[in-house]
Structures are given as C-alpha cells and as structure tokens.
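Residue numbers begin at 1 in each chain, while the letters A, B, ... track the order of the sequences. All figures in this text were calculated on a predicted structure; none of them were measured in a lab. All heavy atoms count here, side chains included; hydrogens, waters and symmetry mates do not.
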Number of protein chains: 2
Amino acid sequence: MPVRKAKRVVKRPAAKRRRRLIRLDNDERRAQLLAMGRAAFTTNSYDEVSIDDLAKKAKISKGLFYYYFPTKRDLYIAGLAETAQELVDKLVGVPKLAELSPRERASVGVDAYLAHVSAQSSGFVALMRGGIGSDPEVAQVLENVRVSILEEFMKGAPISAFLKTRPLSRIAIRSWIGMVEAASIEWLSQQDIPREAVRDLLVDLLFDMLMRVLDPRDAAKYKAPAA
Amino acid sequence: MPVRKAKRVVKRPAAKRRRRLIRLDNDERRAQLLAMGRAAFTTNSYDEVSIDDLAKKAKISKGLFYYYFPTKRDLYIAGLAETAQELVDKLVGVPKLAELSPRERASVGVDAYLAHVSAQSSGFVALMRGGIGSDPEVAQVLENVRVSILEEFMKGAPISAFLKTRPLSRIAIRSWIGMVEAASIEWLSQQDIPREAVRDLLVDLLFDMLMRVLDPRDAAKYKAPAA
DNA sequence: CGGTGCTGTTGACTCGTTCTCAACAAATGT
DNA sequence: ACATTTGTTGAGAACGAGTCAACAGCACCG
C-alpha cells in the first residue's frame, strides 16, 4: 500500500482563547461586503484592492468572502452595476418628465445628470473609467446605463425610430453621449463653471446634432435657438 | 540542532544536451519584446497577458524580460505610447494643412483620423479603452495624443486663446474630442457608413460648437453651412 | 593562443494574490 | 437529545510579478 500523505493534524491549542464567531444573515453579510467593495473600488484601482485586506477590514476570513462572491471580478461588477443603477434611478425619478416638450425634457434630464455627477464625483469617475480594461461585462453595464438614460428622457421623441431608419443617427447619438461624458469629467476637474452653462451647451448641441441628422421635416419640430 | 533545509544542489546533468544560447543585440531584443507586447495587449486585456507566456513565446527566460523592462506596466505603457505616436504621426503627415481654411483643415484632419482609426481598428480600440483603469501614466499618454492632435490641425485657429479666455470653451473642446472618440468607436462597430458622412457630421458639429462658445465677433468667421 | 571584462541570458527563488476545500460551529428544526 | 442546514474558518494550492547570483557568448588585449 502506497504511503498516503499524512492527514494534516488540526490541533486546537487549548490555551488559545477561541474567538466567538459572528454569524450574520446571508443578505446582511453580502450587503456589507458589497458596500465595502464599492467604497474600496471608488478610492482605489482594481488591482490595488486586495481581497485579503477587504476581509481583514470586514473581520472575516478570506474564505468567507468567496462564499458570497465567486470571484473578485464579481464583487467589482456587482458594485459597478449598483452605482450605475443609482444614476439611472436618479434620472428616472425626475418628476413630470412626460409633460414637457422634448427640449425641456432634455434640459431637465441633462441637468439631473450633471447634478448627480457632481454629487457623486468620485463614484462617477470610477464608473466611467471602467477599472478593468475591456471586460465585456463591464462594458455591458456601461452600455445599459447609456441606453436606459436615453430611452428614459428621450421618451416621446422619435429617438428609437431614428436608430432604425438612419444608420448615421446611431453614430450621432452615441457621439453625443460620448460628449456628455467627456463634458462631465472635464467639468468635474474645474470648479468654477455653473452647471446651467454646461447643461445649455450640451442641450443646444444635442439639437444641433438632431437638425443635421434628421429628416428636414422632422427636424423642423426641434429647431434650436441660434447661438 | 535544528535540521537545516539542505542547500539545493545545482547539478548539471551531463546527459542533458545544453541548448545553445541565442544572444541578441540589445535594441533588437527590446524591439522584439515591445512588438510582441503590443500584439498581446491589443488582443488581450492587461491581466490576461502574462510575462511568463510572453517569455515562453519569445523563447527567452522570464528573467531576461526584466532585463529590458523594469515592470510589466512599463512594457504596456511603452507599447501604448508607440501606438499613440503612430496616430499623431499619421495626422501630422497630412500635407498642405497650413494652406487650408480652418474648416477645410478640420475636415482633412478628421478624415485622416478616421482613416487611421479604421485601418488600425483593434489598435485604436486598445488605445482608447486604456487597459489599466485609472493609471496616471496611461492617462497622460492619452492626454498627450489629444493635445497634440488638436494643436496640430487647429493650428492657426485661435484655439489656445479660447482655452484661456473662456472657461466654458475648454469643456466644449474636450466634449467635442469625447464625441470624436465615441463616434469612432461606434463607427468601427458598424460597417456600412461612409467615412465622409461621419467626418462631415463631426466637423459640422465642431463648428456648431464653436459658434455657441465663441465671441459672436469671432464666431462669424467660422459660420457653418446650415443643415 | 589564453586571459579579462562586459553584457546578454538563465533558472531557481521570494513574495503576494486569487481562489479552493475539508472541517467546524452556530442556529434551526424534530 | 440528536440531526440538518448553513455561515465561517484556516491552511494551502495554483499562479503571476519581480529578484538575483551565476553563467555564457563575445570583443578586445597581451
């Protein structure tokens, strides 16, 4: 019979006082870890965050972390999705959106977006920078935010119709979104610009863009004031 | 006396045929590794690329890699900088740029940019997605690209003056750059849109933007054709 | 031709990090 | 009292970045 590797002897030194386990409800613990993870990822980059540290700060064993999240990436993505959802919720919560004209709707929406951005600045930057380079799941989260937001505050305007009929308009809309994000980030890095100025510029350019991309007949409806 | 771990005996088995070393010139090897690194990072994300693998593919020891690059990050950044430089060079190489009107210059510049983007699609995407989330050096490389390009094909137009006089114009320009990048990425993901259409849209919107941000007196000079 | 010094090259090793797993303990039945 | 479920632990496997002392190829010099 082959020599089996000796079973590891788990000796429990009687002298060492046993720390009483703290047993939490499943959801609570998960929530705790998720919150701590989000905090960590907004202040540090992905690799800088170590599960060992996280577990230490949460006063649990590393093993327990993996009982709740299969991988570190899952924690990251879960946090990102939550951050993203908060942004969407904030915008969806804007009251009376449906009653306004397209232009007013866009203005109120962009304003709410910028308000959120400035309130959550570091969280927003963390969301945008993506953390993990080109992870498809991360990209998906960002994609969902963009689509949700547009769908929401462009409801009523024939945006979805454009997307289908004119291929260029899809690019145009994505471009404008890219513009909003770039503007937000730049705006955060300067203190002194009033929100309304940024908002008006973005809204004006949105309609400038629509004018150039839409059928002339439809475009007339959205005619923007000249500069 | 405690049992000391026996010193590892470095035995050179006579039977084992010694592989003759391949000794390369310093620059050659560095170039080889950089090229392989760039290839790896354009098809895989930062963490997916392992120096062990890279060394294996280059048929060298891992130690040698670190003789040429102090860290993995350095390889990454060196590659990124090269990719970025290629983009800048391409645009700077556009002939007779100085002779054109601002609008034509912008148009030619954007066109060259888009041409490069479509030729180097995966390289461009790799450049934009940044790989490492919020690394300051990576951000610096991207920043340099943007500034160089703008400086180059906006030479003559009072861009730098705007940046100083009107705080909003800084945001406006960054926004437009964000727009160009977003448009490029979206354009790459659709096959069927002619380059000229994207180019014209971007240029038109650039001047729409200038109209809204500039002093009315200056703006008159850049009046864009209506949609 | 044999030394000598420089430099490209090796491979084993350290260290840190993600992720695994069998044993264990606290609650919850029955 | 005993059994079951499930939150929890700690050791360690697996792997990757980065280090280091020794080594080999080559040019130069006598």
From [atom1] of [X] over to [atom2] of [N], roughly how many Å is that when rounded to an integer?
X	N	atom1	atom2	value
A/K56	D/dT9	NZ	P	14 Å
B/L54	D/dG16	CG	C1'	13 Å
B/N44	D/dG16	CG	P	13 Å
A/Y46	C/dT17	OH	P	14 Å
B/D52	D/dT19	CG	C1'	14 Å
A/Y76	C/dC19	OH	P	15 Å
A/F65	D/dG10	CZ	P	18 Å
A/I60	D/dT6	CD1	P	19 Å

Query raised in the report: Do the side chains of B/R38 and B/L80 get nearer than 4.5 Å, heavy atoms only?
Result: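 Side chain of B/L80 against side chain of B/R38, heavy atoms only: no contact under 4.5 Å found.
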Query raised in the report: Would you call A/T83 and A/L87 a side-chain contact if the rule is heavy atoms closer than 4.5 Å?
Result: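 Heavy-atom side-chain distance check fails, nothing below 4.5 Å.
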Query - For A/V49 against A/K72, the heavy-atom pair lying closest together - result: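 So the two residues come closest at O-NZ, 2.8 Å.
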Base, sugar-phosphate or nothing for [X]? Non-hydrogen atoms, less than 4.0 Å.
X	result
B/Y68	sugar-phosphate
B/D25	nothing
A/F69	nothing

Query raised in the report: What orientation do B/Y76 and B/Y46 show, parallel under 30°, tilted 30 to 60°, or perpendicular over 60°?
Result: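 B/Y76 vs B/Y46 ring planes: perpendicular.
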Minimum-distance nucleotide to [X] side chain [options: [options]]:
X	options	value
B/L64	C/dT18, D/dT8, C/dT10	C/dT10
B/R23	D/dG16, C/dT18, C/dT9	C/dT9
A/S61	C/dT10, D/dA17, D/dT9	D/dT9

Query - 5' precedence on DNA chain D between B/T71 and A/L24 (nearest-nucleotide basis) - result: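 Its nearest nucleotide being more 5', the pick is A/L24.
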Query raised in the report: Would you call B/E181 and A/R174 a salt bridge, using N to O less than 4.0 angstrom?
Result: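 No.
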Query - Phosphate OP1/OP2 of C/dT20: any A/Y66 side-chain N/O under 4.0 Å - result: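 A/Y66 to C/dT20 OP1/OP2: no side-chain N or O under 4.0 Å.
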Requested in this report: Determine: side-chain N/O of A/R73 to OP1/OP2 of C/dT18, distance under 4.0 Å, yes or no.
Outcome: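 Checking C/dT18 against A/R73, no side-chain N or O comes under 4.0 Å of OP1 or OP2.
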**Report entry** Pair of N/O donor and acceptor under 3.5 Å linking C/dG11 base with B/K62 side chain
**Finding:**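 There is none.
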